[in-house]
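Quantities reported herein were computed from a predicted structural model and do not represent experimental measurements. Order of listing sets the numbers, starting from 1, for every ligand and every atom in it.
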Amino acid sequence: MLFRHGALSRRDAILLLVGASSMHLWSLLFSHHSLSTDLDASAHQHVPAALTTTVRELRTKTIAHTQTDTATATATITTTALSTPTSKPQALSPYTPLPPTEVLAHAPGWTLFRNLYMSNGTLFLAAKDSATRMAYPEVRMMTSTGLEAFNTPENIALREPTSRDMQVIGIEEAQRRWVDKESGVNRVWSVEGNTLLFNDPKQFLRHYYHLVAELFFGVQAFWHGAFSAPTPASDTQAHFTTEHPAPPPLHRAIFIHSDADGWRDDPGFNRYFLRGVFPSLAIEHEEDWADRVVATSNLDANDGERAFHFPLALLTDRSAAHRGPVCGSQTQRTAAEAWEYMRGKGKLRGLHAGGWWAPVREAMWRFAGAEEGLKGLKEDKGVSKEKKANDQVPMGASLPGWAAAAADDPDVPGISSPTSASGTDVVAVDVSTASQAQLPAPSNIVITYISRQSARNRKLIKEDHEGLVAAIKELVERKNTERKKVLDALDGMDDDERRKRADGFALPPSWEFHELLAERLTKDEQVRAASRSTIMLGVHGNGLTSLVFMPPTRASTVIELFFPGGFAHDYQWTSRALGMSHFAVWNDTHHTYPNKPRVDYPEGFQGNAIPVHGPTVAQLIEDRVDGKL
Ligand SMILES: *[C@@H]1O[C@H](CO)[C@@H](O)[C@H](O)[C@H]1NC(C)=O
Ligand SMILES: *[C@@H]1O[C@H](CO)[C@@H](O)[C@H](O)[C@H]1NC(C)=O
């Protein structure tokens, strides 16, 4: 320790100098910082492009300015130790009093913290006072031991968190543990930027569905929701929008219980998704976490404990989510806890069009080269390519630098009392078929059938598969013949007549049918196929996960074929959360929300003799497109 021996060495003196001058820099930084925070607050509320640019320029100037100051200051000290604290206002300096932990938002299994600490593998919440301490969520609703989950009483008990996983302490206790009494220098190191802490075991991470359509689906709902202003029920347009102010960037994901292989699925979709949609996200694994644990474990009792400090962190925990009512007893989807919480606060912008998810969807389209998805966007929104490029910061896009990110002290609006930016009370709206019916009609109808007939299990009876394909082909042909008749009739008319017809007349859309064997397509091809699909159908399975990349239209529908009597929420809940319709088909009957079947995996669910009556499915598609269902 600095002053353990009561005398200052030369090195200590330099360190002290460094500390003092960085204090000075900190105060400089923080005064700029509060200025940019004010501007950030307004940036959240759809500031005109011109003003946004000014904000950005201003930030850049601020950084440049601060860096110049630092350069001058460092020049006088013969050490390089000062190069770090410049543009990182969230980090603690050696003398910063430890900031208390705030829980900014919480749903079972999803907790957003400001100033979370970790020492020797335990997450610490340092409460400002006893009232704050009482207001923290129950530890078991935030975390678990992170063990694999099985449905046995022993395993359920083993997943209950212990004081090894998380502890709530007072801020004085944190000072006692991590601040040197004599010198006031802390032993706390900031892990700068914004961090995702994933406490889930490999068991589920290694599946495309679970990583993309559950874990990151929930992350997006929670993160985007937290930093979005609540939408008043009366602001109908905002409920249909896919335009967003960007939330603070995500800098880092830490898989606490998974090695590098643990989240990579065999077909490779998870890494394709993560690198394509979040190109700047740094990923750490259990080995890296173990390094951090060791780094803060007490090596010499006299030195006192060390800790890491997370300025902003979203902790997710699968077992804790399953302890919540929405996931635990209604949907079995961890993301549903995140989604319902933010929906209830009116903070899922563009709810009816999956608008809150749009930054991820659009980033994936761009990565996959899904031209049509992107083209549709530009046309719908009536904006030119250039304007679009200026207005939107794509999710995970590389940012100009740490300090330039809107992350300094991000504002979490309307969590405690859902009040919109304009001060009006927010009444939460829900997704519904009626709302979906207000979306634009698709310009052409694309039916995508994800076939599992070459998979090992969960296949249709061969004849039924053939009957299904024949019935849909027949429907598509009939629709295109009807369209051709209309076109021919228009051709035969003179201009006057045609003009008269044009009033309130919509040309019937063209129809397409594609039968896809997912495992024979590249990942780009799968995303591109989804980005053009109006109707996606297939037997229950991972191939349906790409429904999260379907465009939102009036007719967007997922049709899931089950062995009669079988049902699971995976794709049903996910489709609905995006404002799309979902139908569970049992041979010649279909079921949709709110009359969905109860979850069941009857004998035959995984088998290769799943029946389906093709004409029933074709009729269902036709009725959906006609708006009859
Ligand atoms: C750190 O954690 C290990 C493993 O749980 C434990 O044995 C050790 O006593 C802990 N050290 C401190 C200082 O708490
Ligand atoms: C499926 O439905 C068709 C049409 O109603 C029926 O003929 C067939 O027997 C059904 N198959 C099964 C296995 O129930």
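Close placement of the Phe216 and Phe198 rings is indicated, their centers lying within 6.0 Å of each other. With ring centers used as reference points, Phe563 lies 6.0 Å or more from Phe605. Proximity of the aromatic rings of His582 and Tyr593 is defined here by a centroid distance below 6.0 angstrom, and this criterion is not met.
The protein non-hydrogen atom at the shortest distance from atom 14 (O) of ligand 1 is Asn120 ND2, 3.4 Å. Among all protein heavy atoms, the one lying closest to atom 11 (N) of ligand 2 is Asn587 ND2, 2.8 Å. Of the protein's heavy atoms, Asn298 CB, 3.4 Å lies nearest to atom 13 (C) of ligand 1. Of all protein heavy atoms, the one lying nearest to atom 5 (O) of ligand 2 is Asp588 OD2, 2.5 Å.
With ligand atoms numbered from 1 in the order given, ligand 2 contributes 13 (C) to contacts under 4.0 Å with heavy atoms of Pro611. Contact atoms of ligand 1 toward Arg164: 2 (O), 4 (C), 5 (O) (distance under 4.0 Å to a heavy atom of the residue).
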- Worked check of ring-ring contact (aromatic ring centres under 6.0 Å, His included) between His309 and Trp189: CA-CA 6 Å; His309 159 244; Trp189 285 265; over 10 Å; no
- Query: Under the salt bridge (Lys or Arg N to Asp or Glu O under 4.0 Å) criterion, do Arg187 and Glu305 qualify, and how do the steps go?
  - Reply: CA-CA 7 Å; Arg187 293 179 300 270; Glu305 294 172 36; over 6 Å; no
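The shortest N/O to N/O separation between Ser297 and ligand 1 does not fall below 3.5 Å.
Annotation: cation-pi pair Arg318/Phe204 present, NZ/CZ under 6.0 Å from the ring centroid and within 45° of its normal.
For atom 7 (O) of ligand 1, no protein heavy-atom neighbour is present inside the 4.0 Å cut-off.
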